[in-house]
Structures are given as structure tokens and as C-alpha cells.
Amino acid sequence: MEIDYRKELNKSQYEAVTTTEGPVLILAGAGTGKTRCMVYRVAYLIEKGVSPNNILLLTFTNKAANEMKQRAADMLDERCSQITACTYHSFCAKMLRKYSQLIGIQSDYTIIDPGDCADIISIIEAEHGIDKVKDFPRSSQLVSAHSKALNTNQSLEDALFDMLGKWKYMKIERFIPDIKKILADYQSYKKQNNMMDYDDLLINFISVLKRNPSVKNKLADIYQYIMIDEYQDSNYLQEKIIFMLREKNRNLAVVGDDYQCIYGFRGSMVENIINFPQKMSGCKVVYLTQNYRSNQEIMDLSNIVMKKHSLEGFFKKLVATHVANIQPLLVRSEDEGEEASYILNKIMALHDEEEIPYHEICVLERSSYHSVRLEALLNKMKIPYDKYGGMKFFDYDHIKNFLCFLRCQINSHDEIAWFRLLKLFDGIGNVYARNIAATCKTLGLEGLVQHKYIKRKFQPDLENLKSFIEKLNDQDFQIELQSIKSFYSRLMDITLMLMKTSEKKRRELARANKQAVRDFDTLIEMADGYDSPVTFLEEIMLEASPQKEEEEDRMVISTIHSAKGLEFHSVFVMNCVDTMFPSTDKDQIGTVEDNEELRCFYVAITRAKERLFLMAPKYIAKFGCVEEGIISHFISDVFQVKE
DNA sequence: ATGCGTTACGTTTTT
DNA sequence: CGTAACGCAT
């Protein structure tokens, strides 16, 4: 099928799509057809005769990558789905499965998530005997400071300072040498145990490229055309990778919008996109400013807010295609309860009277707990919704524990997985678990029967566990998952029985257990199509959400961070009051944090196509107390307040 | 050393 | 209001 690019794209989009040689920066404001450009670009390259094998498309989530591949394939043909399209992390993971031996790492390494990292740090702290020192930062804090330092090329001290603030940093400053020692041990622990955290995927791939020019050249030759989505959110390490692959051939298209850089806390650097033209000589810059998404009223609001408050970046004034004669609304409800019921009623009105399908309605929130009241109402009224952001499926303890059964089966020396599993048994707490896990680290399964607490009452349980895991090895993957489900749920029942707590708590726990078992079924469904735990675990670690069934018409509740790239007929933005959204207040105007909040606000309002409701309760609950809700300083001077 | 009950304390966002 | 660190009794 022939595609008429000139007809289907506007002038700047056409330029963005057809500039295939050399570096190009595509500055695409919200709703200006960024994704469309990427999809057409893939099709264009392939139609021009470029082999799919030579195209690399890096996106922010693997979901986005798959969608773009699919759209290009639907438009042109199946060849489009043969391109390499994934996140930086998945790409590095794939490359390391091939090349990690070159830097002395086995290729069957395990990917660990920040929770596992924190567990490792705790174990190391215990070895050093500093697990009970007062004021010592929590292991999860050390993990994120360490990660931030690496991703931003900062010193550990600076990263900790940024994270904790001056006051708290002073309290922990004296621990810096200890922290550095722990982190050094942490690095060697991972190496010894054949593990990589998210940052290692990037860092180790960089060292492969650095130490092996032949590999670098080979990959540069394979991936002749590289495209990167959401470039404003790339960080120091990610840019480094791309620049290394682009030393010779410079066919690199980066797409993004500096106004939408909202991952600074994770090391994203707006400077990467802002300075891209300077860094890549001969770079062409294409501006996309024609907005196809929102009505002019919504565009006016976003233009005015950015003009008033934005401190840096390329100023872009976006133009809409149509006027709606409906203004965005600022809703001043009494409190958060009324905010929730206002949203609920409006949703029902939109759906029932204006016939807006649920999936065209979205509630956005700065933080994922803001919607608890609303969710209760939606459940009560049986309005179906999906929730994006916040706690993810694979972050839940029962899911992680479930996966630890698999991990122990695959690698019976996986200390971290043993540590988690052992704590499930009655009578085993942190200390016993740590020590027995350490034994398993060296002895594997035998560790369960050769540790130093062999006479304790939990020993029969451990022997049971041992034979259970041994049996797993002979089973088909699906059957294996079923066995784990029944083993683990029985374990949960027994633990509940042995507990001596109030009837209230007991009922609560029983309900949680039931939910857990339902989640296991979801997990088992997700594993359908995989025939081994190894590949399943890898995919899971890098894209942590179960795919939902498409049929039902469901509305969306999402954090703003997880709503990137999405659009809806009607959008509600919750809690537009200082300290909630933005999380900063008037006193912080001019700080980097405040500016990131502004960009976050920009992302939020530009998700709306037609209707936009900015919610601002007059009173908000804080730590159980009530506080006045002060209208977000980004909009207080823009809106006349409607009561 | 564990596990329960008490108090203090603090709020993001995620590959 | 909910969670996490702390202290006391097993």
C-alpha cells in the first residue's frame, strides 16, 4: 500500500518524517502529532528500502514501543513490526545477554528491582554491624541516592543532599564513609551473584561499548537509523549510549518537548534536548506547533500558564484547530470528599447525557493516593476504571514472594529470593532469614537443612519447602505456577491461623489473602505463552503491568507521570492546590522543583481534548488534620474563581 | 531473636 | 490517617 505522506502530514511533520539522514531534533509540543511522526517515519524508512533490522526506536515504555510498531505495521506492512523498538533498559538488557561476557559477566544474569537492591543493602549493613545505628539512612534511600548519582553523573554527597535537604543531610553527613563502603560492597555483591539493577544495565552496556570498539562499530553499523522518543526525559547515561552509537553515522532523530520534562527526580536532563543542536553539528531542528488535540480554550490556558511561569526552554505557542466555546473550569469544592462526588457526578453526566464513552474520560492526579475517595465511589457505583501509576502489580509483596519461588528454583543460590521466602514462615524473622539465606547462597537447596538453627521448630517447614522446590524442576512451566499458587496460598492460610490477633485484623488479612490468590491467577494468565521462567522473569522486570482486556469500556485514573502521550475527551485534574499539585508552594517559585511541577501541570492540562476540570478543594486533609487549600500558584491569577 | 504493641513521624513522581 | 521505627515481653 502506498502512503501519501504529503497529504497525510502537515508541512513540518512531513519534514520531520522525511529528514532521515543526519541529526534532527523534532520539537513537538503536546498534541502536535509526535507519535504520528514516529510511526510515519518508520514506515517511510522501510518504504524507502531501509531494512527493519537497521532501525532502532527507543521509547519510554515498552508498551509505547509495541503500539508504535503495530501502528506502523497496520499502515504499511508487517515489516514494520520487525524493527527493534523498546526502552533503553530493555535494549541494554538484550545487548548484554549477547555481549556481557566481554566485560566478565555471565550472560544469564538476573535483573533486580529497587526492592531487591534495598534487601541486598540491608544484608550488607547487617554484616557491617550498622543495621541499628540511629539516624542512618534507610536502605531504600541509599538505593535511590546511589542511582541518582549514577544517572546524573553527580557525586554521592550531592545526590544525598538533593534528596534529603540541607537539614537532614547534616544529620547523616558523618556516615558518608560508611555509606560509600556499603555501596562499594553492594556493587561487588551484584557482580559476584550475577545480578544487575536497572542502572547496571545502562552502565555495563556502556562499558561493553567503551572496552570493545569492534562491538561498538558493529552495533553502529546494524542500527543505522536511530529514533528516540521523549528525549526531554533522557539522562546522562542514556545520552552517552546514544552518542557512542552515533559517532560515525549520525542518522539520529530525537523527538520531544522540553515543556514536558517531568523526570528530573530520576536524572532526566532538559539540557539534553535543549543543547542537542549544539552537540550534534549540522542538526536540523523541526518545530511542531500545530496542535490537533485540544480546543483553543485549553491551548490558551496552557500557553498563558507557560508564558507566565516558565523559566527556561524553547518558548512555543501552540495553535489549536478548533474553538469550542467552553472554558476550562476551576471547581472550588468544599473538601476532598465533595471533590470526589463532584467528579463522580460529572462523569455520570458526561457518560449518560453527553454519551462520552468512559475510556474518553480521565482523572489525573499528582500522587496516586489522591484518588482513594473517588475510587471508593466508583466501586460503589460500579463504574469501571483502570488505574495507571502508583503501586504497581509487581511491587506488591505477595507477587514478589511468588516470583521468589521461581527465582529459587532457577538459581538455588539466590540469597535475596531465599531471604524473602524464608520470612514467610512462622518463627523466622529478619535475623534467622538472613542467616539461613546466607547458607543457601553457598550451599543452594542444601542450605535449608544445613544451617545453624536446625533444631528450631520451623525446621519441618523448611524441609517441606526444600522438597517442594526440588519437585518444581521437573514440571511444565504452567503446572509449576499452579503448584506455587497452592503451596503459597496454603502457607498464607496457615500463617493466618497461627496469628493471635483481633478478629477484625484477621478478617482483613483473610480478605487480603483472597485478593492475593486472585492476583496469582492474573500472574499465571500473564505467563501464558512463555515456556520457561527465565524469559518470563526478564520481561516482567522491565515492564511491570499486566495487560488488560480490551473489550470493556473503562475510564482512567492516572498519575500525571503515567499519562504521558495519552489523550481524553474530558480530563479532571485533582487537588490543584499548593503543596498537593504543585507539591511546591509560592515560596519556592524560581526553584528547579517548582519548574518541574509547572511542566507537570502542563502535561496534565494538555491531555484534554474538549473538557478540562481543575479541581481545587477549599480544605484539604493533611496528616488527619484540616488545612486550607490554596489554589495552585500557577493558575490563581489566571482564573476567576467559580464557587 | 522474634513479634507484638506503642509512639513518632511524614507525604511525590518510575525504567 | 497510615506507615515505619522503637521498645518491651516472650
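Every chain is numbered from 1, with letters handed out A, B, ... down the list of sequences.
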Exercise. Check every strand shown and say whether A:Phe581 touches a base, only sugar-phosphate, or nothing at a heavy-atom separation below 4.0 Å.
Key: nothing
Practice problem: Step by step, work out the ring-ring contact (aromatic ring centres under 6.0 Å, His included) result for A:Phe60 and A:Tyr263. | Solution: CA-CA 11 Å; A:Phe60 210 63; A:Tyr263 281 92; 4.9 Å; yes
Self-check item: Nucleotide of B:dT15, B:dT11, B:dT13 approaching A:Lys622 most closely (side-chain heavy atoms)
Solution: B:dT11
Quiz item: Does the separation of the ring centres of A:Phe425 and A:Tyr432 fall below 6.0 angstrom?
Solution: no
Quiz item: To the nearest Å, how far apart are A:Ile111 CD1 and B:dT14 P?
Solution: 20 Å
Self-check item: Pair A:Glu597 + A:Arg366, salt bridge at N-O below 4.0 Å
Solution: yes
Quiz prompt | NZ/NE/NH1/NH2 to OD/OE distance under 4.0 Å, A:Arg266 and A:Asp233 | solution = no
Self-check item: Strand DNA chain C as a dot-bracket string - pairs counted if Watson-Crick or G-U with both distances under 3.5 Å, | where the partner lies in another strand
Solution: .|||||||||
Practice problem: Quickly work out the A:Tyr388 OH to B:dT12 P distance and round it to whole Å. | Solution: 25 Å
Practice problem: Give a yes/no verdict on base stacking between B:dT14 and A:Tyr263: centres under 5.5 Å, planes within less than 30° of parallel. | Solution: no
Quiz item: Using a cut-off of less than 4.0 Å, is there contact between a side-chain N or O of A:Ser562 and OP1 or OP2 of B:dT13?
Solution: no
Exercise. Return the value, rounded to whole Å, for the distance between atom CD of A:Gln141 and atom C1' of C:dA4.
Key: 12 Å
Quiz item: Are A:Phe265 and B:dT12 stacked, counting the six-membered base ring, centres under 5.5 Å, planes under 30°?
Solution: no
Quiz item: Is the phosphate of B:dT12, meaning OP1 or OP2, less than 4.0 Å from a side-chain N or O of A:Thr559?
Solution: no
Quiz item: Could A:Asp397 and A:Arg420 be called an ion pair, given the rule that one side-chain N must be under 4.0 Å from one carboxylate O?
Solution: yes
Quiz item: Roughly, in whole Å, what's the span from CZ in A:Arg373 to P in C:dG2?
Solution: 10 Å
Quiz item: Which nucleotide, B:dT12, B:dT2, B:dT15, lies nearest any side-chain atom of A:Arg266?
Solution: B:dT15
Quiz item: Nearest-Å distance, OH (A:Tyr369) to C1' (C:dG2)?
Solution: 11 Å
Practice problem: Could you check which of B:dT11, B:dA1, B:dT12 has an atom nearest any side-chain atom of A:Val431? | Solution: B:dA1
Quiz item: Reckon A:Ser367 has a side-chain N or O less than 4.0 Å from the OP1 or OP2 of B:dT13?
Solution: yes
Quiz item: Between B:dG3, B:dT2, B:dT13, which nucleotide has the shortest distance from any of its atoms to the side chain of A:Asp426?
Solution: B:dG3
Practice problem: Please determine, for the side chain of A:Ser583, which listed nucleotide (B:dT12, B:dT15, B:dT2) has the closest atom? | Solution: B:dT12
Quiz item: What do you reckon, is NZ of A:Lys98 surrounded by more than 12 foreign heavy atoms closer than 6.0 Å?
Solution: no
Practice problem: Using a strict 4.0 Å threshold on nitrogen-to-oxygen distance, state whether A:Asp200 and A:Lys190 make a salt bridge. | Solution: yes
Quiz item: Rounded to whole angstrom units, what separation is found between the CZ atom of A:Phe425 and the C1' atom of B:dG3?
Solution: 18 Å
Exercise. Name the closest nucleotide to the A:Arg366 side chain, picking from B:dT2, B:dT13, B:dT15.
Key: B:dT13
Quiz item: Of A:Tyr453 and A:Ser147, whose closest DNA chain B nucleotide lies nearer the 5' terminus?
Solution: A:Tyr453
Exercise. Select base, sugar-phosphate, or nothing to describe what A:Gly389 touches, counting heavy atoms under 4.0 Å on all strands.
Key: sugar-phosphate
Quiz item: Around atom OH of A:Tyr619, are there more than 12 heavy atoms of other residues, nucleotides or ligands at under 6.0 Å?
Solution: no
Practice problem: Could you state the atom-to-atom distance from CG of A:Leu164 to C1' of B:dC9 in whole Å? | Solution: 15 Å
Quiz item: In whole angstroms, how far is the P atom of B:dT13 from the CE atom of A:Met163?
Solution: 15 Å
Exercise. Just call it for A:Ser368: base, sugar-phosphate, or nothing, with non-hydrogen atoms closer than 4.0 Å on any strand.
Key: sugar-phosphate
